[in-house]
Amino acid sequence: MTDFKIDTRDVFYILKEQLNYGTLCNLAPFADLNEKTLDLMVNEAIHFAKGVLDPLNQIAEETPLAFANGEVRCPAEFKKAFRQYGNDGWTAAVGDPACGGQGFPLMMRIIINEMMYGACQAFNSAPSLAFGAARLIHSFGSESLKQLFVSKMFSGTWSGTMCLTEPGAGSNLGALETMAYPEGDHFRIKGSKIFISWGEHDLTENIIHLVLARIDGAPSGTAGISLFVVPKIRVNADGTLAGPNDVVCTGIEHKCGLHAAPTAALTFGGRDDCIGYLCGEKNKGLAHMFQMMNGARINSAVSGMTMAGSAYRNALAYVQDRVQGRDIAGRSEGDVTIIHHPDVRRMLLWMKAAADGMRSMVYTAAFWEDLAKALPPGPEKTRYQNLIDFMTPVLKAYCSDTGFRVCETAMQCLGGYGYCQDYPIERYLRDVKIMSLYEGTNGIQSMDLMGRKMQIRDGGCFKAFQEEIDGFCATHRNHPVLKSQVAQLASTAGELWSCAMEMRTRMKTDPLQWASYTYPALLAFGDLTMAWRLLDMAVIASDRAAKNGRKNDFFKGKVYQATWFVDTTLPHTIARIGTCLRAGREIVEIPDNAF
């Protein structure tokens, strides 16, 4: 019996009936694939996650990381799993076949990550980072860099990281102090980075760091940042290893969760002997790195979603078995399982709606990304790119915060046992919390959404999102079962569109007041998106849900979760929208000494 729990019916309902993901195989890059092959990959990912990764959690809790003399030692089982993960093709699944990848749609990377993160979040962050780093080199690196690094990273022979944060700069990347000094065909790198996930370990023979640094003489701020490939061990032209590259781990963090995933502080060039290679254009490093950063933001959403889903399923299994208390309506004699208690059912229904809605949100965005990448130039391609750009901060912030709330609610369902290590809920709660902090805290995401994403391309990102919601509401406004909820969605959307326009004005005229309410505005966009995706599933399910028989309970669940979520959440959303436009200025005017 594994801790990782997932219902494949929920997964394939979204993939097949809501998104019709097999149509991706009609796109030119995936013409050699078919839907059955995609289905097989999903099922195999679940099998691998349960069989290979899920057992790592207990090992990780019992075997702490060992750090000594600048080296991190992980449990031996992690090293074996990383090798098998690479050998079985999971790291390379969506990579370019010319570099050892399998050429699947990018969407499959998200699906794979749902299964692997859900089974062992601490472990899967390592191969996920390796893929992201390899893809970044593939996108922007020279041919020689691609030949030297990408295939070995795709295969799992080498791993990868992203090195952004510095002690004094934090999220303000323009303040970074790591320097790059030109020297022939390479650079000497000198500086320090902190909070580097899997920055030091013994899973692979080499770690390829993607480092942001400023070339000597470059402009200050973000305009002068470049991207460098910096291996832990130097690599000869023929791909063999040449010896240490003056990259030293000075310590690892002791964290609330993810105990098996080392988070390292690294020093580059402490002996002035660290070599790095420019990746992409000079002074364009931050723009290049955004590919990996945005991927990591989506993966933060995936992690929040999948740990929430597994926490919900574990809570459901518990309440179906735990006998305690009498039925409040006297429908049966003796004590009953606690799933019969209305407040427990309230928590279950919220978790069910949240987990299913988040999956639909994330999968839909992943589907859009493949369309944005693979469609020929034109309005449709631009529209999907606009949707992806708009949804990225919403997904990152909303799903990471909601994921934490679901894990918290799952713990509540178990009562005191949920707080104990007898069940995995307390670990999910510890592990999921970091997702709201990763890759720009959720407050930063909200400022990106309500600032840059509302304005770029003449407001094209926001307009594309508006069109999706308004079009859905127009199409289904007379739905025989869901018209009331569709009307609520349309009404809430109208309030939010007006709010967004007013906040866009305030960003220029009153930036402090604007910034103090961007986060509740993002939550409103998240609620709206969740309601839309749940209603979309319910529209598809409504006909089958009306039929008799237990086999239709699955479809009834899709309808009930949508109507309940819309009716109980969107009224709060409208109230939240109202708070974004209130005149009160307490947040910006309260004296510092009054806190």
Side-chain angles (χ1 to χ4, degrees), residues 1-7 44-67 72-86 88 90-91 111-130 156 159 197-198 201-203 252-263 299-300 302-318 351 355 400 403-404 406-411 413-414 417-435 438:
M1 197 69 173
T2 65
D3 289 340
F4 175 53
K5 290 179 170 54
I6 192 166
D7 190 331
E44 285 300 312
I46 294 171
H47 178 76
F48 185 91
K50 288 184 174 181
V52 178
L53 300 194
D54 186 78
L56 297 179
N57 287 303
Q58 189 62 35
I59 295 167
E61 292 294 301
E62 297 172 351
T63 311
L65 296 169
F67 174 70
V72 172
R73 294 286 177 261
C74 301
E77 293 86 351
F78 270 55
K79 189 172 185 177
K80 179 181 178 182
F82 193 93
R83 187 181 307 113
Q84 185 175 350
Y85 192 108
D88 287 1
W90 296 114
T91 310
I111 299 168
I112 291 167
N113 274 345
E114 176 183 0
M115 311 314 163
M116 307 305 183
Y117 279 135
C120 188
Q121 168 69 36
F123 172 86
N124 192 60
S125 54
S128 183
L129 282 165
S159 64
S197 298
W198 287 97
H201 59 80
D202 63 345
L203 303 187
I252 58 174
E253 303 298 336
H254 302 281
K255 305 176 302 228
C256 170
L258 298 181
H259 294 161
T263 303
N299 279 327
S300 294
V302 174
S303 297
M305 170 263 289
T306 187
M307 282 189 277
S310 198
Y312 159 62
R313 288 284 165 193
N314 276 276
L316 177 61
Y318 180 86
M351 289 189 291
S400 60
F404 181 82
V406 171
C407 292
E408 176 191 34
T409 304
M411 180 179 286
C413 285
L414 272 67
Y417 282 115
Y419 197 65
C420 300
Q421 293 183 356
D422 305 62
Y423 296 89
I425 307 297
E426 59 86 27
R427 187 183 73 245
Y428 293 145
L429 191 66
R430 287 187 281 111
D431 287 354
V432 78
K433 181 54 203 166
I434 188 60
M435 301 309 151
Y438 271 161

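Computed over heavy atoms, backbone and side chain alike; hydrogens, waters and symmetry mates excluded. What you see is a predicted model; the values in this text were computed from it and never measured.
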Q: What is the minimum heavy-atom distance between C120 and L56, and which atoms define it?
A: SG-CB, 4.0 Å
Q: Looking at every heavy atom in both A49 and M115, which two are closest together, and how far apart are they?
A: CB-O, 3.4 Å
Q: Should we count OH of Y417 as having more than 12 external heavy atoms under 6.0 Å?
A: no
Q: Hey, are the side chains of R313 and I6 touching, using non-hydrogen atoms and a 4.5 Å cut-off?
A: no
Q: Do you know which two heavy atoms are closest between A261 and A122, and how far apart they sit?
A: CB-O, 3.6 Å
Q: Given 3.5 Å as the limit, does a donor-acceptor pair link the side chain of T306 with the main chain of V302, or not?
A: no
Q: Begin with the C-alpha distance, continue with both residues' side-chain angles, and end with the deciding distance and a verdict on side chain to side chain contact (heavy atoms under 4.5 Å, CB included) for I434 and K255.
A: CA-CA 9 Å; I434 188 60; K255 305 176 302 228; over 6 Å; no
Q: Evaluate side chain to side chain contact (heavy atoms under 4.5 Å, CB included) for F48 paired with V52, printing each intermediate quantity in order.
A: CA-CA 5 Å; F48 185 91; V52 178; 3.8 Å; yes
Q: Do you see a donor-acceptor pair shorter than 3.5 Å between the side chains of D3 and N314?
A: no
Q: Measure the acute angle between the ring planes of F123 and F78, then classify it against the limits of 30° and 60° as parallel, tilted or perpendicular.
A: perpendicular
Q: To the nearest 0.5 Å, tell me how far K5 NZ sits from Y312 OH.
A: 13.0 Å
Q: Just checking E61: does its CD atom have more than 12 heavy atoms from other residues, nucleotides or ligands closer to it than 6.0 angstrom?
A: yes
Q: M116 versus P127: any side-chain heavy-atom pair under 4.5 Å?
A: no
Q: For the atom pair CG (D202) and OG (S159), what is the distance rounded to the nearest 0.5 Å?
A: 10.5 Å
Q: How many angstroms lie between CD in E77 and CD in Q58, if you round to the nearest 0.5 Å?
A: 11.5 Å
Q: Mind checking whether F82 and Y85 have parallel, tilted or perpendicular rings, split at 30° and 60°?
A: parallel
Q: So which heavy atom on M435 is nearest to which on G304, and how close?
A: CG-N, 4.3 Å
Q: State, yes or no, whether a side-chain contact exists between N57 and P424 at a heavy-atom distance under 4.5 Å.
A: no
Q: Report the distance from atom CG of D431 to atom CD of E426, rounding to the nearest 0.5 Å.
A: 8.5 Å
Q: H259 and R430: side chain to side chain contact (heavy atoms under 4.5 Å, CB included), yes or no, with the steps?
A: CA-CA 9 Å; H259 294 161; R430 287 187 281 111; 3.2 Å; yes
Q: Atom CZ of F4 and atom CG of D54: how far apart are they, to the nearest 0.5 Å?
A: 8.0 Å
Q: Drop me the distance from L129's CG to N124's CG, to the nearest 0.5 angstrom.
A: 9.5 Å
Q: Answer with yes or no whether the side chains of S400 and Y438 bring together a donor and an acceptor at under 3.5 Å.
A: no
Q: What's the shortest heavy-atom distance between A81 and L53, and which atoms?
A: CB-CD2, 4.3 Å
Q: Quick one: which of S128, S300, S310, S303 gives a side-chain hydrogen bond (donor to acceptor under 3.5 Å, both in side chains) with Y117?
A: S128
Q: Start with the C-alpha gap between S125 and W198, add the side-chain angles, then the distance that decides, and say whether side chain to side chain contact (heavy atoms under 4.5 Å, CB included) holds.
A: CA-CA 8 Å; S125 54; W198 287 97; 2.9 Å; yes
Q: Taking all non-hydrogen atoms of both residues, which atom of P262 and which atom of I252 are closest, and how far apart?
A: CB-CG2, 4.4 Å
